[in-house]
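Let me begin by presenting the structure, written as C-alpha cells, before commenting on it.
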Amino acid sequence: MHLKEELNKQQLKAVEFAGKHLLVLAGAGTGKTRTIIARAAYLIENGANPSKIQILTFTKKAANEIVERVKASLPQSNGRSLSGATFHSWCNQLIIKYPNLFGAASYTVIDPDDQLGLMKMVSGSHSDVYSKLRIKPQQLLDVYSYARNTKKNLTESIRILIYKGKEDKDTEYEITAMKPNVEILLRAYQKKKMEQRYLDYDDLLLVVSTQLKTNPEARKLLSQDLDYLLVDEMQDTNPLQWELLSPFIDICNLFCVGDDAQSIYSFRGADFKNVHQFKERVPNSEVFKLEKNYRSTQEILDISNWLLEKSPIDYKKELQSVRGDGEVPLLLNVSDEWQEANWVADEILKNYTDEDRRFSDHLILSRSQYYTKTLQAVFIRRKIPYVTYGGRKFLQAAHIKDLVSLLRIVNNPYDEIAWVRFLTFWEGIGEVRASRIMAVIIADEGKTDIPTLLQGAIPGKDGIKIAELYNAVQKEKGKVGKMVDIAYDAMSLGLAFRYRKDWIEKRKGDFPVLKLLANSYSSLGEFIGEGLLDNAEKMNGAPVLSESQLETDEEKDHVIISTIHSAKGLEADVCIVLNVSPKSFPSAWSLDDVDAIEEDRRVLYVALTRAKNRLIITRNTASIAAIHKKSIPSNNGQQSDDAETYFLTAIPDGLVRQETIGHDFKTVKDAPEPNKIDLSSGMDFS
DNA sequence: TGAGCTCTAGGCTAT
DNA sequence: CTAGAGCTCA
C-alpha cells in the first residue's frame, strides 16, 4: 500500500492500531487527515466491509475529501460503499433509512431562518408573555439550542448566553423572573415544531441519540450496520454529540482524532472534555500522540508556539518543524481595508507572475465572512479568480427558497412555513390569504387531495395553474432533479420579475446549480434535509458545487478566501491572515470573558498554522495607535485593557518582520481621484 | 388586502 | 449591506 510509505512511525502505529478504541491527539500539521484516511484504507485492505465504516467530520467538504482520498488510494471499486458525512447529515440519513424506528421520515428539516420565522410566530401569538421579556426571538433560539447541545438547564443557559455567565444577586433575580416566561415560549415553539413535523438541526442529533439511548432495538439495528466509526475534529464535539457517540462504544470501534489547541466551537457548545477525558469515559481505549509537524517551516511554528505559550492554559504542546527553516512571517500594518485588499492583490499577482506560484497556492483567512467583502470587490476588479468558503448556505438564498418551498410542501403538507412562502409567491396572494388557504388544507387532514383543495381555495386561472403545478411535481416524487425542472419552468417568470433588480447578474445562474445539487440526491427528504446542510462554495460570487465538477485546470486555479472556522484542515503555500487587530483578536465580543479570549487565541492559532511557507498577518495601524494612547479612561472607570489582551502586543523581535504602508495612494492601484465639488453653490445668503 | 417605497438600526464564528 | 418597520396607494 503506497500510503504506508508516506507515514511516520507514530502515524503508522495509529493506523495499524489493533485495540478497541483509540484517540489520536494530533497537533496542527502533524498529518491528522492523512492518518484518518490511511486508517480507513487500512481497515478496508484488511477485510473490513467499507459499507460498515462511517467517517464523521464537521463539514461536508471535509467528509467528501476524506472519502475521495481513501478511494483513490485503493484498487478500483474497493471502497465504493465507504461513506463520510457530518454528524447532522448522518443522522438525517439514518432517520430516512429507518422511518419506523425514528418515526420522523416525512419530517422537514428547517434551517435557522425558518426557526427564526417560527419563533417569531410564537412570540407574536404569545405577545402577553413575549412583551414582558427584553429578549429577541433569535436569543430565545440561541438559549434553546445552547441548552440542548450542552445538556445544561434553562437557568444556566440563560445565564451564560444572556448574562455572560454572571452570578451576582441582580443577575440571579432577573433570571428567576424571566425564566418562566422563556419556558412558556420555548415550549410553545416546541409544540409548533411537532405539529408541523419540523426537525431543526439539533433535533436531527437528538432524535437519533434518544433512540439509541432508550431503545435496545435501535442499538441492535445500528450494530448490524456499523463496525467502525472514524471521527474527525473530536475537540469540537459537544455534549449532545458525545451522547450520540457514546452508545457506539459497545457497538463498534471508535477512532477519533483531534487537537485541544484547535477547539474553536465552544459558542456552539463544544467541550474539549470529550478529548481530555476520553480515556476515563471510554473503556478499552488508548490515546496516541502525533507531534511532528510536516506542514510549516520553523518560523511559522515559532510564532504559533509563542501565541499558545502566552495562554494561561497549558496545552503541553510545542510544534517542531520537520522541514526546517524558511521565511520570517510578515506583519503588515495597513491604514484601511482598501489598502489592505490592494496590497494583498499585488502580493498575489507578484507571486503568480514572478514566483511561479498558482492562485490556488494562496489562502486568505478572515475572522468573519463580512470582512472579506472589500477584498472580493478588489479581486473582481483586478481579475483574480477566487472561491469563498463559509457564509450563507446556497439553499438559504431567497430565490432558491421560493422554489424549494414547493418541494417542501410536497414532502410534508404540514409545513406551514413552506406553504406561506409558496402561496405568497403568486401575484395577488399575500400573507393573509395564504394563511386562510393553508388553514383549509391543514384542517382537511389529507382527506381530499391537495390540488383539488388548492383549486377550490384560489379562484380563477391561478387556482388551476397552481393546482396543476403541484400535481406535476408530486408525480415526479423521487426524481428530485425532475421536480426542480418542473418547478423552475412554472416559476421562472415570477422569479425573474420578483428579483428583477439582480436576476440576470446574480440569481438566474443559481438554478442550474440547484438542479445539479438536486440530482445528486436520491430522495426528496435527503435533498431538503442534507441540501440545507451543504456548504455552498462561491466562485467570484457565483455558486459552484464542488471542485470535481470543474473541467479545466485553469478553472481549478483560484485563490481561496475563507473564514477561519471554515478553514480547518486547509493548508496553503502562502497564507494571509486579515485584520489581526485589537478588538478583533480577541474580538470585542469576548472582552471580560477569559474563556472567550482563549477561544479567540485558538482561532488565531488555527489561522497561523495553515501556512506552509509564507505567513502574512495584516492589522490596522489606527487601531494599534488607539490602544497605545490609553489616555481616555472611560467615565464608568472601565479602564480599557485592550493593550493587555491584544494577542500581538509585545511580540518578541525576530519572530516577525514588520512593514507599514501609510496613506500613500500611489500604492493603491486604481484608486479614484476624488471629484472636486463646490458645496457653496446654489445658495443665496443675502 | 397586497405591493412597493423609504428610512433606520444593527452586523461574528456554524451544522 | 440587509432586514424589518412603517407608510402610501391601488
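When reading the values below, keep in mind they use all heavy atoms of this one structure, side chains included, and skip hydrogens, waters and symmetry mates. All figures in this text were calculated on a predicted structure; none of them were measured in a lab. A, B, ... follow the sequence lines: proteins, then strands. Residue 1 opens every chain.
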Looking at residues at least two apart in the chain, or sitting in another chain, which of them share a salt bridge (Lys or Arg N to Asp or Glu O under 4.0 Å) with [X]?
{"X": "Lys192(A)", "answer": "none"}
{"X": "Lys151(A)", "answer": "Glu243(A)"}
{"X": "Arg619(A)", "answer": "none"}
{"X": "Arg498(A)", "answer": "Asp402(A)"}

Could you tell me the separation between the [atom1] atom of [X] and the [atom2] atom of [N], rounded to a whole number of Å?
{"X": "Asp462(A)", "N": "dG2(B)", "atom1": "CG", "atom2": "P", "value": "13 Å"}
{"X": "Asn149(A)", "N": "dT15(B)", "atom1": "CG", "atom2": "P", "value": "13 Å"}
{"X": "Arg148(A)", "N": "dT15(B)", "atom1": "CZ", "atom2": "P", "value": "18 Å"}
{"X": "Gln93(A)", "N": "dT15(B)", "atom1": "CD", "atom2": "C1'", "value": "14 Å"}
{"X": "Glu526(A)", "N": "dT15(B)", "atom1": "CD", "atom2": "P", "value": "19 Å"}
{"X": "Phe497(A)", "N": "dG2(B)", "atom1": "CZ", "atom2": "C1'", "value": "13 Å"}
{"X": "Asp114(A)", "N": "dT15(B)", "atom1": "CG", "atom2": "P", "value": "17 Å"}
{"X": "Gln139(A)", "N": "dG10(B)", "atom1": "CD", "atom2": "C1'", "value": "13 Å"}

With sugar-phosphate meaning primed atoms plus P, OP1 and OP2, does Phe58(A) contact a base, only sugar-phosphate, or nothing at under 4.0 Å between heavy atoms?
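Sugar-phosphate only.
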Have a look at Arg498(A) and say if it touches a base, only the backbone sugar-phosphate, or nothing, with a 4.0 Å heavy-atom cut-off.
nothing
Parallel, tilted or perpendicular, judged at 30° and 60°: which one describes the rings of His399(A) and Tyr499(A)?
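Plane angle over 60°, so perpendicular.
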Are the aromatic rings of Trp242(A) and Phe248(A) close, with centres under 6.0 Å apart?
no
Partners meeting ring pair (Phe, Tyr, Trp, His ring centres under 6.0 Å) with His565(A) (sequence neighbours left out)
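Result, ring pair (Phe, Tyr, Trp, His ring centres under 6.0 Å) vs His565(A): Tyr265(A), Phe267(A).
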Please name all residues satisfying ring pair (Phe, Tyr, Trp, His ring centres under 6.0 Å) with Tyr144(A), sequence neighbours left out, ordered by chain then number.
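For Tyr144(A) the ring pair (Phe, Tyr, Trp, His ring centres under 6.0 Å) partners, ignoring immediate neighbours, are Tyr189(A).
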Side chains of Asn238(A) and Asn149(A) only: does a donor on one sit below 3.5 Å from an acceptor on the other?
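Side-chain D/A pair, Asn238(A) to Asn149(A): present.
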Strand contacts (DNA chain B) in residues 416-429 of chain A, 4.0 angstrom heavy-atom criterion
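The stretch gives Glu427(A), Gly428(A), Ile429(A) as the residues lying under 4.0 Å from the strand, ordered by number.
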Leu161(A) meets the side-chain contact (heavy atoms from CB on, under 4.5 Å) criterion, sequence neighbours left out, with Asp142(A), Val143(A), Tyr146(A)
Using nucleotides 11-13 of chain B, report all nitrogen or oxygen pairs with the protein that are shorter than 3.5 Å.
{"from": "dG11(B)", "atom 1": "N2", "to": "Tyr370(A)", "atom 2": "OH", "distance (Å)": "3.3"}
{"from": "dT13(B)", "atom 1": "OP1", "to": "Gln369(A)", "atom 2": "N", "distance (Å)": "2.6"}

Could you list the residues that satisfy side-chain hydrogen bond (donor to acceptor under 3.5 Å, both in side chains) with Asn579(A), not counting sequence neighbours?
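Partners of Asn579(A) under the side-chain hydrogen bond (donor to acceptor under 3.5 Å, both in side chains) test: Ser581(A).
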Restricting both atoms to N or O, compile the protein contacts to nucleotides 6-10 of chain C shorter than 3.5 Å, with distance only.
none

What's the closest nucleotide to the Tyr201(A) side chain, out of dG4(C), dG2(B), dT15(B)?
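That would be dT15(B).
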Between Phe87(A) and Arg433(A), just flag the one whose closest nucleotide in DNA chain B comes earlier from the 5' side.
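Its nucleotide being nearer the 5' end, the pick is Arg433(A).
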Contacts satisfying salt bridge (charged side-chain N to carboxylate O under 4.0 Å, His left out) that involve residues 116-126 of chain A (not counting sequence neighbours) are none
